[in-house]
Amino acid sequence: FSTESASSSVVLMIAGMLVFIVSYTYSIAAMTHAVSMILLGEPAGIGKAYERMRGQAVTVFLVGLLNALGVMFGLILLVIPGLIFSVRWAVGIPTAVLENIGPVEGLRRSWHLTAGFGGTIFLMFLLQGVVSFVFSLLLQTPFTLLATFGAASGESSHVWMALAQI
């Protein structure tokens, strides 16, 4: 493993994390606006939801970045602090977007709003993880089996393995 390939791997990993943070946080912000519009009886749509985000993109990104860094730092400390940060900052993006406040204030407000609901939020995160895991197993298993049996019979299994990873 060369130093050059290791450094390019790190750059790609960081770029991938940034793309994930941007897409994840922006989709949460847009979904928050869409739900808000529906609850207020306004016509809602994907375009309108993203249009409402205009001027909030930097705040949304910074809330997501600070949240990710805080949770990573907490996980490095001993796992439990990372879980606490994750639970208590769970509504940081919706809070910052709906109340039109900055990223640090959004996380502070999230900490305040989630007080007393940590167990419930943690269980919701756990349930989401279990459901995601089960669905991924249900979707990947048939393609993995086809790839395995295909390889055993001498057929090329690359297509089935690629489909299992989607």
Side-chain angles (χ1 to χ4, degrees), residues 9-144 163-166:
S9 295
V10 169
V11 168
L12 285 174
M13 184 180 76
I14 291 171
M17 286 172 48
L18 288 174
V19 166
F20 173 77
I21 289 171
V22 168
S23 61
Y24 180 73
T25 56
Y26 286 17
S27 65
I28 288 176
M31 183 175 53
T32 300
H33 278 303
V35 170
S36 171
M37 287 185 277
I38 291 168
L39 291 174
L40 293 173
E42 300 173 10
I46 294 172
K48 288 182 182 186
Y50 278 100
E51 188 177 309
R52 284 234 177 133
M53 278 184 49
R54 224 178 266 154
Q56 295 180 316
V58 173
T59 298
V60 169
F61 174 75
L62 289 176
V63 171
L65 183 63
L66 290 173
N67 190 335
L69 292 175
V71 170
M72 279 187 347
F73 178 71
L75 289 173
I76 289 170
L77 286 179
L78 284 173
V79 177
I80 301 299
L83 294 174
I84 292 169
F85 291 156
S86 178
V87 165
R88 296 301 297 273
W89 290 339
V91 294
I93 293 171
T95 302
V97 166
L98 291 177
E99 296 182 9
N100 202 21
I101 55 180
V104 174
E105 186 58 32
L107 291 175
R108 276 193 198 123
R109 183 88 170 106
S110 176
W111 192 275
H112 173 74
L113 290 171
T114 57
F117 296 98
T120 303
I121 295 169
F122 177 76
L123 288 175
M124 287 177 18
F125 283 170
L126 188 63
L127 179 63
Q128 177 189 7
V130 168
V131 169
S132 294
F133 178 74
V134 168
F135 273 108
S136 97
L137 273 180
L138 290 173
L139 294 174
Q140 287 180 347
T141 301
F143 296 109
T144 304
L163 287 172
Q165 298 304 313
I166 294 178

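Values below: every heavy atom of this structure, side chains too, minus hydrogens, waters and symmetry copies. Keep in mind it's a predicted model, so treat the numbers as computed, not measured.
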Self-check item: side chain to side chain contact (heavy atoms under 4.5 Å, CB included) assessment of Val134 paired with Leu138
Solution: CA-CA 6 Å; Val134 168; Leu138 290 173; 4.1 Å; yes
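- Atom CG of residue Leu12 and atom CE of residue Met17 lie 13.0 Å apart, to the nearest 0.5 angstrom.
- Ser36 contributes no side-chain N or O that, together with a main-chain N or O of Thr32, makes up a donor-acceptor pair within less than 3.5 Å.
- Taking each heavy atom of His112 and Arg88 in turn, the nearest pair found is N-NH2, 4.4 Å.
- Distance CD1/Ile101 to CD/Gln56: 10.5 Å, rounded to 0.5 Å.
- Taking CE of Met31 as the reference point, atom OH of Tyr50 lies at 9.5 Å (rounded to 0.5 Å).
- To the nearest 0.5 Å, atoms CH2 (Trp89) and CG (Leu66) are separated by 7.5 Å.
- Classification of Glu105 and Arg108 as a salt-bridged pair holds, one side-chain N sitting under 4.0 Å from a carboxylate O.
- Between Val87 and Thr114 there is no side-chain heavy-atom pair separated by less than 4.5 Å.
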Quiz item: After noting the C-alpha distance and the side-chain angles of Phe85 and Leu69, does the key distance pass the side chain to side chain contact (heavy atoms under 4.5 Å, CB included) rule?
Solution: CA-CA 10 Å; Phe85 291 156; Leu69 292 175; over 6 Å; no
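- Put simply, the side chain of Tyr26 gets close to the backbone of Ala57: a donor and an acceptor are under 3.5 Å apart.
- In plain terms, the two heavy atoms of Pro43 and Met37 that are nearest each other are O-SD, 3.8 Å.
- With Ile93 as reference, Thr25 is the one residue of Thr59, Leu107, Thr25 to meet the side chain to side chain contact (heavy atoms under 4.5 Å, CB included) rule.
- Ala96 and Gly102 make their closest contact through CB-O, 4.3 Å (heavy atoms, listed as atom of the first residue, atom of the second, distance).
- Remark: side-chain polar atoms of Ser86 are not paired, donor with acceptor, to backbone N or O of Gly82 under 3.5 angstrom.
- Contact detail for Gly64 and Ile21: the closest heavy-atom pair is C-CG2, 4.0 Å.
- When every heavy atom of Ala29 is checked against every heavy atom of Val97, the shortest pair comes out as CB-CG2, 3.7 Å.
- Atom CD1 of Ile46 sits in a sparse spot, with 12 or fewer heavy atoms from other residues, nucleotides or ligands closer than 6.0 Å.
- Note that OG of Ser9 is 11.0 Å distant from CD1 of Ile14, once rounded to the nearest 0.5 Å.
- Closest of all the heavy-atom pairs between Trp111 and Ile84 is CH2-CG2, 4.0 Å.
- The environment of Phe73 atom CZ is sparse: at most 12 non-hydrogen atoms of other residues, nucleotides or ligands sit within 6.0 angstrom.
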